[in-house]
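Notes follow the structure.
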Number of protein chains: 2
Amino acid sequence: MSATPHPHPEDGPIAKTPRRSKRRIATEEKLIQAVGALLREGGVDALGVNAVDREAGVDKVLIYRYFDGLEGLLTRYSESVDFWPSIDEILGPDREVLADPDPQRVAGRIMANYARAIRSRPVTVQLLAWECNERNALTIAVEDVRERWATQLNEEMLRAGLPLTPQFGVLAALFTSAIHYLAIRSRSIQRFGGVDVGSDAGWDAMIETMERAFGAFYPPDTPSSPS
Amino acid sequence: MSATPHPHPEDGPIAKTPRRSKRRIATEEKLIQAVGALLREGGVDALGVNAVDREAGVDKVLIYRYFDGLEGLLTRYSESVDFWPSIDEILGPDREVLADPDPQRVAGRIMANYARAIRSRPVTVQLLAWECNERNALTIAVEDVRERWATQLNEEMLRAGLPLTPQFGVLAALFTSAIHYLAIRSRSIQRFGGVDVGSDAGWDAMIETMERAFGAFYPPDTPSSPS
DNA sequence: CAAAAAAGTCACCATGCGGTGACTTTTTCC
DNA sequence: GGAAAAAGTCACCGCATGGTGACTTTTTTG
């Protein structure tokens with residue numbers, strides 16, 4: 001009682017001692033990891049303040065003290081995880097995919113790599129699904145990242161001298177959409193429109209079809225390669 | 001008032017006096033309509049027992065008495081609404097779309113009609129979005145209807161002698177997926193991958209691209225039509 | 001008209017949620 | 001060592017939810 005606070009009226013330098021850290025960092029990490037865990041197992045509606053602290057084993061009040069609420073925690077989480085594949089993962093470390101002279105094959109490979117990258121990230125798929133119904137710190141973050149990512153990818157392709165027609169872009173957007181949708185749906189259904197979305201074979205067939213479809217937009221001076 | 005319907009107590013067949021009706025039917029209708037209204041305005045998580053009765057202006061206990069809970073009410077609702085476009089809406093009342101000799105154009109028209117049909121049904125789009133995250137009476141119902149619908153459409157196309165290769169089916173599934181995804185996302189974003197998913201012009205461009213892509217799967221005896 | 005069954009109303013419960021204030025323990029710094 | 005600030009704990013609030021029992025009103029039936 002009678003604990004009169006006592007900010008000295010005269011401390012020279014600003015922000016002298018940050019007065020934080022040690023255990024706190026560990027606790028913050030626990031919270032962030034808990035978000036990932038819930039996102040992985042539970043799903044989307046399981047992610048609440050109470051659920052997160054339960055998972056992390058810490059008190060929920062810390063979520064408010066450290067992150068100023070769930071939104072802040074989600075933002076922090078979004079910065080700490082690689083939702084999105086790197087450009088390297090799509091084009092190869094040395095952009096070897098772009099080295100192929102056949103633009104149709106290039107497009108096919110990009111789609112194949114993209115589909116594989118998405119499918120191998122359950123949390124990303126979860127987020128893509130969440131995006132369909134809600135809009136919060138996490139979905140906004142993933143939107144941001146994706147936009148910058150797409151721009152960067154586009155630049156790389158332009159730099160490589162790939163003949164990018166507007167229709168090429170539209171078709172790529174359509175196939176990207178399809179990949180997102182089928183990755184989402186494949187978690188709860190096995191087939192969609194006769195295609196086996198639960199097996200690699202089904203996805204291989206889709207990729208093959210995509211590649212061939214790209215052929216409709218390039219003059220056939222390069223004969224269709226054998227599959 | 002006092003318009004006693006007066007079912008004679010002795011008419012041959014069974015089901016003497018069902019002992020129900022009148023106001024009840026009206027109340028049931030109110031509940032069902034309330035589900036639609038909530039689905040239309042609110043969204044997905046707004047749909048609970050309390051919200052429904054509030055919207056309908058009746059007591060929630062009736063949901064349990066009449067429909068045995070929310071699930072039952074959703075099932076009833078799903079039977080009372082045309083989530084899905086009719087085959088006529090896609091192929092034309094006289095299957096005129098199938099009459100076109102150019103299979104590429106047929107495919108394009110089907111996709112165009114399908115996209116328009118989906119986009120004009122906000123509740124269906126809402127349900128498609130819901131499907132991405134949950135599984136309940138409504139989403140199962142819509143899944144069922146869609147499956148039967150796809151089968152029927154396929155039969156119609158076969159009957160019309162359309163050359164349906166396996167790859168055609170895969171490409172159709174991909175474009176259908178893309179339409180679903182972009183219809184869902186267009187509620188909260190304006191552009192996707194450079195395509196304007198919020199305007200008819202954007203969708204027209206997509207349809208055009210789809211039609212042209214189908215051309216990659218048919219021998220080019222029909223020269224590509226001018227855009 | 002009167003009795004029975006249905007339709008509709010009201011009050012209530014347990015539970016889980018997001019969020020906050022006040023407390024105790026640990027760490028930091030002089 | 002000792003004081004202050006931080007980290008961490010505990011109990012609590014208001015609110016909305018899904019769900020149920022008991023009541024009153026209306027309608028149907030004899």
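As the structure is a prediction and not an experimental result, all values here were calculated from the model. Labels below follow one simple rule: chain letters A, B, ... track the order of the sequence lines, proteins then strands, and each chain is numbered from 1.
Under 4.0 angstrom from either OP1 or OP2 of dG8(C) there lies at least one side-chain N or O belonging to T27(B). Note on R24(B): a side-chain N or O is less than 4.0 Å away from OP1 or OP2 of dA7(C). Between N50(B) and dG18(D), a side-chain N or O to OP1/OP2 separation shorter than 4.0 Å is present. Between dT28(D) and R23(B), no contact under 4.0 Å exists linking OP1 or OP2 to a side-chain N or O.
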List the steps, then state whether side-chain hydrogen bond (donor to acceptor under 3.5 Å, both in side chains) holds for Q152(A) with E156(A).
-> CA-CA 6 Å; Q152(A) 198 179 342; E156(A) 291 277 357; 5.0 Å; no
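The stretch residues 173-198 of chain A participates, sequence neighbours left out, in these salt bridge (charged side-chain N to carboxylate O under 4.0 Å, His left out) pairs: R185(A)-E131(B), R185(A)-E143(B).
Distance D45(A) CG to dC17(C) P: 11 Å, rounded to the nearest Å. Between the CZ atom of R54(B) and the P atom of dC10(C) there is a distance of 16 Å, given to the nearest Å. Rounding to whole angstrom units, NZ of residue K30(B) and P of dT9(C) are separated by 8 Å.
Checked against side chain to side chain contact (heavy atoms under 4.5 Å, CB included), D88(A) has the following partners two or more places apart in sequence or in another chain: S86(A), R95(A). For Y114(B), the side chain to side chain contact (heavy atoms under 4.5 Å, CB included) partners at least two apart in sequence or on another chain are W84(B), I90(B), I118(B), W149(B), T176(B), I179(B), H180(B). By the side chain to side chain contact (heavy atoms under 4.5 Å, CB included) test, T27(B) is found to be paired with L31(B), V58(B), L62(B), Y66(B), residues two or more places apart in sequence or in another chain being considered. Every residue two or more places apart in sequence or in another chain was checked for a ring-ring contact (aromatic ring centres under 6.0 Å, His included) with F67(B), and none qualifies.
Across residues 58-74 of chain A, K60(A), V61(A), Y64(A), R65(A) each have a non-hydrogen atom less than 4.0 Å from an atom of DNA chain C (numbered order).
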